[in-house]
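Structure record follows, encoded as structure tokens.
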Amino acid sequence: MVTKRYKPLLAVMVAFFLAIFMAGTRADAAQKPNYIISTDAAYAPFDFQDKNNQYVGIDMDILKEVAKRNNFTYTLKPMSFNAAAQMVANGQADGIIAGMMINDARKQVYDVSDPYYQSGVAWITKPNSKIKSLSDLKGKTVALKTGTAAANYGASLKDKYGFKVKYFNDTDTMYNDVVNGNTAATFEDYPVIQYAIKNGMKLEVRNPKDLGNGGGVGFFVKKGENALLLQQFNTTLAEMKKDGTYDKIINKYLNSSQKTFVGDTSDNNSMWGILKSNKSAFWKGLVETAKLTVAGIVLASLWGLLLGLMGTAQSKFWRGLSTTIIYTFRGLPLMVLAFFIYIGLPGVIGMKIPAFTAGLLTLILNEGAYTGAFVRGGFDSVNIGQMEAARSLGLSHRQAMWKVVVPQGLKMTVPSFVNQFIITLKDTSILSAIGILELTQTGTLIVARNSQGFRVWGIIAIIYLIVITLLTWFSNWLEKKIN
Ligand code: ASN
């Protein structure tokens, strides 16, 4: 039974989640339509960041032109290709432009624009590799990128040629796995690998004259939706082909002899050089991480406290509810929860959830469940005699809780809170998977551009350590104040 006195608790819970939900879904009052367009965060020459951390590439220039000529604005959501495609399939984004190949399977799920580029799948090894034909791959492992047409093509050959497959979320990590010799070969779209090789990637295409699954690259919207956007894309594409804009874009990325993009070596000399030339990106990533961490810590702590209180309530209903919530959200991996909220839920509730809101909600639910568990434990461990003594002095259950049990219980849980704060900070990195441009995602994008994994990840690790040290100092200070 939900006793009357716990009704306010339920109201607080509902208000709490509504507030978080609403915080991220600001009404858009602009007159111009604003579309959400997802893209592959690192897929040169189609989509990638330049040195100023601006998104450029064939896709980006075409999209910009389409928006300009049709008087709409768009919000770009760069992330892993697989997540970007799912965002559209689930109605989280209005369209995807990501060097994406048109094929029949995709036509079942999406409506597709006219092709704007021709592509086909290449298979790739290290230069001078002993692997000369697909048959040489027998028993070896091949690197593929999740959800891509090239991966489907590669996987379809796996039984025939007897190789194993290993999946990656981004092209650059996949390439480097082959370069480092962990996997023997990879499959990727020809223009993409060609571009990378031209810009210094130490790999070689084995079948340049015999590409697999050739076809066009297009812009995709969810089936049956955004017909106007698709039509505008097609019309503008045709116009651009006529007036020379299209050729200009293609030439800009494919025929220029300068090495300006992938494999950019200008900032590769040292950690310091990389830090300097990417300082605004690192800073922005850090700010995003800090925002998520602070908001996550505060809200998850409040939510955890509420769960802890519910867990020690007199009513069986509240205790049961608290146990169920803690069990569920402690049991779910953080990334699964993030994908569920960000990619799964919107399709069901018919409402877009901004990545930051989804990420924050994930942190609150997950970290809050852990917090709830140790807070409940803290309250439980306050000697039952304390409660009895308080009750015998004439205090009600609630008064006894607030005046006697809660203060003592909370003191005991301070070290656990500190621990949870640090875990929350580290967990924010997992939210890079849903495209939040925090520190880890920032690192992924920079490595995709300069291939300096060791140095970039070294910098990112140091930044995390510095922030964790600061957080620990702060927590210790807080702990002393409380005790
Ligand atoms: N070219 C890939 C595909 O068509 C997309 C990508 O990796 N961005 O599946």
Side-chain angles (χ1 to χ4, degrees), residues 37-49 55-63 76-89 93 95-124 142-157 165-178 186-197 201 203 205 207 211-222 250 253-254 261-262 343 433-435 441 444-445 447-449:
I37 308 291
S38 63
T39 186
D40 192 327
Y43 203 57
F46 294 105
D47 327 281
F48 56 106
Q49 282 196 323
Y55 270 92
V56 293
I58 297 172
D59 289 351
M60 295 301 106
D61 286 15
I62 292 180
L63 179 63
L76 197 67
K77 298 277 172 190
M79 58 187 71
S80 77
F81 170 73
N82 191 36
Q86 286 178 40
M87 276 192 65
V88 179
I96 172 169
I97 188 155
M100 189 166 167
M101 293 245 257
I102 301 168
N103 59 33
D104 287 342
R106 285 178 174 163
K107 282 187 190 156
Q108 311 284 319
V109 186
Y110 307 94
D111 287 331
V112 189
S113 75
D114 296 333
Y116 59 84
Y117 202 75
Q118 287 303 312
S119 189
V121 180
W123 75 277
I124 303 140
V142 165
L144 300 174
K145 182 166 124 188
T146 317
T148 60
N152 283 345
Y153 179 69
S156 75
L157 301 174
V165 295
K166 181 170 159 194
Y167 284 94
F168 292 85
N169 275 330
D170 66 286
T171 296
D172 194 69
T173 315
M174 179 178 81
Y175 287 158
N176 281 312
D177 207 57
V178 182
T186 180
F187 287 78
E188 182 50 283
D189 295 7
Y190 190 54
V192 176
I193 182 61
Q194 221 183 355
Y195 189 84
I197 290 173
M201 183 60 70
L203 290 172
V205 174
N207 59 337
L211 299 175
N213 274 5
V217 170
F219 169 65
F220 292 63
V221 295
K222 188 180 177 182
I250 299 294
Y253 293 103
L254 298 186
F261 303 114
V262 172
I343 296 172
I434 57 170
Q441 180 71 349
T444 306
L445 296 182
V447 175
R449 199 178 63 240

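Both counts, for ligands and for their atoms, begin at 1 and track the order of listing. Being a predicted model, the structure only gives us computed values, none of them experimental.
Which parts of ligand 1 touch M100 is read off a 4.0 Å heavy-atom cut-off, strictly below it: atoms 4 (O). Atoms of ligand 1 lying under 4.0 Å from at least one heavy atom of A98, given by number and element, are 5 (C), 6 (C), 8 (N). Within ligand 1, the atoms closer than 4.0 Å to a non-hydrogen atom of D40 are 6 (C), 7 (O), 8 (N), numbered from 1 in the order shown. Of all atoms in ligand 1, listed by their number and element, those nearer than 4.0 Å to a heavy atom of R106 are 3 (C), 4 (O), 9 (O).
Listed for the Y110 side chain is a donor-acceptor partner under 3.5 Å among the backbone atoms of A85. Formation of a donor-acceptor pair under 3.5 Å by the N176 side chain with backbone atoms of D172 is found in this model. Checked by atom type and distance alone, the side chain of D59 pairs as donor or acceptor with a backbone atom of G99 at under 3.5 Å. Judged by distance alone, with hydrogens and angles left aside, the side-chain atoms of T146 form a donor-acceptor pair with the main-chain N or O of F168 at under 3.5 Å. For D111 (side chain) and V221 (main-chain N/O), no donor-acceptor pair under 3.5 Å exists by modelled atom type.
Ligand 1 has a nitrogen or oxygen under 3.5 angstrom from a nitrogen or oxygen of M101. Ligand 1 has a nitrogen or oxygen under 3.5 angstrom from a nitrogen or oxygen of G99. For ligand 1, the polar-atom distance check against A149 finds a nitrogen or oxygen pair separated by under 3.5 Å. Checked by distance only, ligand 1 and T171 stay at 3.5 Å or farther apart across all their nitrogen or oxygen atoms. In terms of polar-atom proximity, defined here as any N/O pair under 3.5 Å, E188 makes no such contact with ligand 1.
Q49 and V56 make their closest contact through C-CG2, 4.4 Å (heavy atoms, listed as atom of the first residue, atom of the second, distance). L445 and Y55 make their closest contact through CD1-OH, 3.2 Å (heavy atoms, listed as atom of the first residue, atom of the second, distance).
When heavy-atom distances to ligand 1 are checked against a 4.0 Å cut-off, T148 comes that close through both its backbone and its side chain.
In this structure, the protein non-hydrogen atom closest to atom 7 (O) of ligand 1 is K145 NZ, 2.8 Å. Of the protein's heavy atoms, D189 OD2, 2.6 Å lies nearest to atom 1 (N) of ligand 1.
Side-chain contact between N82 and Y167 is absent, with no heavy atoms from C-beta onward closer than 4.5 Å.
Ring geometry for Y195 against F48 counts as tilted: the plane angle lies between 30° and 60°, on a 0 to 90° scale.
Residue contacts with ligand 1 leave out M174, since none of its heavy atoms falls under 4.0 Å from the ligand.
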